[in-house]
Amino acid sequence: MRVEPDARQSAEECSALARMTRSALERAGLTVSPEEATHPAIIEAAHIAQYVLRTGPPAPERLARLSGMVDRARSDITASPASGLPWSARLASPGPHLERSVVRALKSIPDPGGEPGTTHSSAVVGWREHDEAEIHETIALLAANWPAVCDELRQILFQIALLDGPAVDGFTDFTVHGAVFIRRSRLTPDSDGLPGAVRFAEALVHEGAHTRCNAASVAARPFLRPVEDDGPMVSTPLRLDPRPLTGLFQQMVVLARSVLLYRHLLAGDTADSGAAAAVQARHDQLALSAADAVRTMTEHREMLTDHGRTVLEDAAEVAQARVR
């Protein structure tokens, strides 16, 4: 994996992860097809199967629960209507595997404090007709301005889930790999004049970069050398709480790709639109954050594999460039 997208490598990683998923379930006596093995709910079942099998042969009731999870996932695959997108990704309705993932995400973020009784939550919500129109516009924007990233996202995204609530702007979760979660408000313009299609395009590129990093680190070559626990905790541009180096590395890739997205937009029709100033301002903000991530990662360069150093060099090249 590099900072620039690559649809062929993405497809190879997806195939490798599907084989791992099928193998984990087969050890628990469960069989799924290669196509089913790419569904996030099936992948969740494979993770649970691996956990259950670590302690020896599972009890019959645990196997029955796993079998039930696979059956429910199959029903979801069969019942989910085609999204009408130019991608195979489905516009996800609320479902148990997605809801469990949101619970995990909420547990991982710092407590924001605030007034007693104030709710700080997020939940998966259904897609409205207006939302669907906006994502079609978003995909058309990506296809016109950065076809390579559009082709890669077509390979790696299997479910796109909308979130409602202030707690989480967006996230990925390797336990339900292939699903991305994005706050519904990203489909609408912001107060600075950045169009909804641009904001959602950035969110897809952002979560897609996490998805690629997760897959590549397991199915291809690792980016960081093995360390005890999580290794050193460092400050990062996108989180208030200190993060392990794996988190910093992924943020660096996310930021570099996000900068590239805005450079493609600035080189295209967006440069002549009423949103040009907002697009330029967002580019400049992301470029500063990318440079910050590169500086911190460079301070820990010895923790990277040769592959990781190559990606660091890619990100440094993006962060050092200037576009006006």
Co-members of the apolar cluster containing Met233 [side chain, <4.5 Å]
none

Consider only side-chain N and O atoms of His39 and Asp76, and report whether a donor and an acceptor are under 3.5 Å apart.
yes

Set of residues satisfying salt bridge (Lys or Arg N to Asp or Glu O under 4.0 Å) with respect to Arg90, sequence neighbours excluded:
none

Do Glu202 and Arg282 come within less than 4.5 Å of each other through their side chains, counting heavy atoms only?
yes

Give a yes or no on whether a salt bridge exists between Asp131 and Arg184, defined as a side-chain N under 4.0 angstrom from a carboxylate O.
yes

Side-chain heavy-atom pair Thr175, Ile48 within 4.5 angstrom cut-off
no

Walk me through it: do Phe171 and His210 pass the test ring pair (Phe, Tyr, Trp, His ring centres under 6.0 Å)?
CA-CA 8 Å; Phe171 72 96; His210 281 301; over 10 Å; no

Rounded at 0.5 Å granularity, tell me how far CG in Asp292 sits from CE in Met297.
12.5 Å

Ring geometry between Trp146 and His264 (parallel below 30°, tilted from 30 to 60°, perpendicular above 60°)
parallel

With sequence neighbours excluded, residues passing salt bridge (Lys or Arg N to Asp or Glu O under 4.0 Å) with Arg22
none

Would you say the side chain of Leu141 lies within less than 4.5 Å of the side chain of Thr138, judging by non-hydrogen atoms?
no

What I want to check is whether the side chains of Arg104 and Ser108 have a donor and an acceptor closer together than 3.5 Å.
no

Among residues at least two apart in sequence or on other chains, which ones pass salt bridge (Lys or Arg N to Asp or Glu O under 4.0 Å) with Arg100?
Glu44

Find the distance between CZ (Phe249) and OG1 (Thr236) and round it off to the nearest 0.5 Å.
14.5 Å

Mind checking whether Leu204 and Ile160 have side chains closer than 4.5 Å, heavy atoms only?
yes

Residues which pass side chain to side chain donor-acceptor pair (under 3.5 Å) with His177, listed by chain and number, not counting sequence neighbours
none

Which residues pass the salt bridge (Lys or Arg N to Asp or Glu O under 4.0 Å) test with Glu99, not counting sequence neighbours?
none

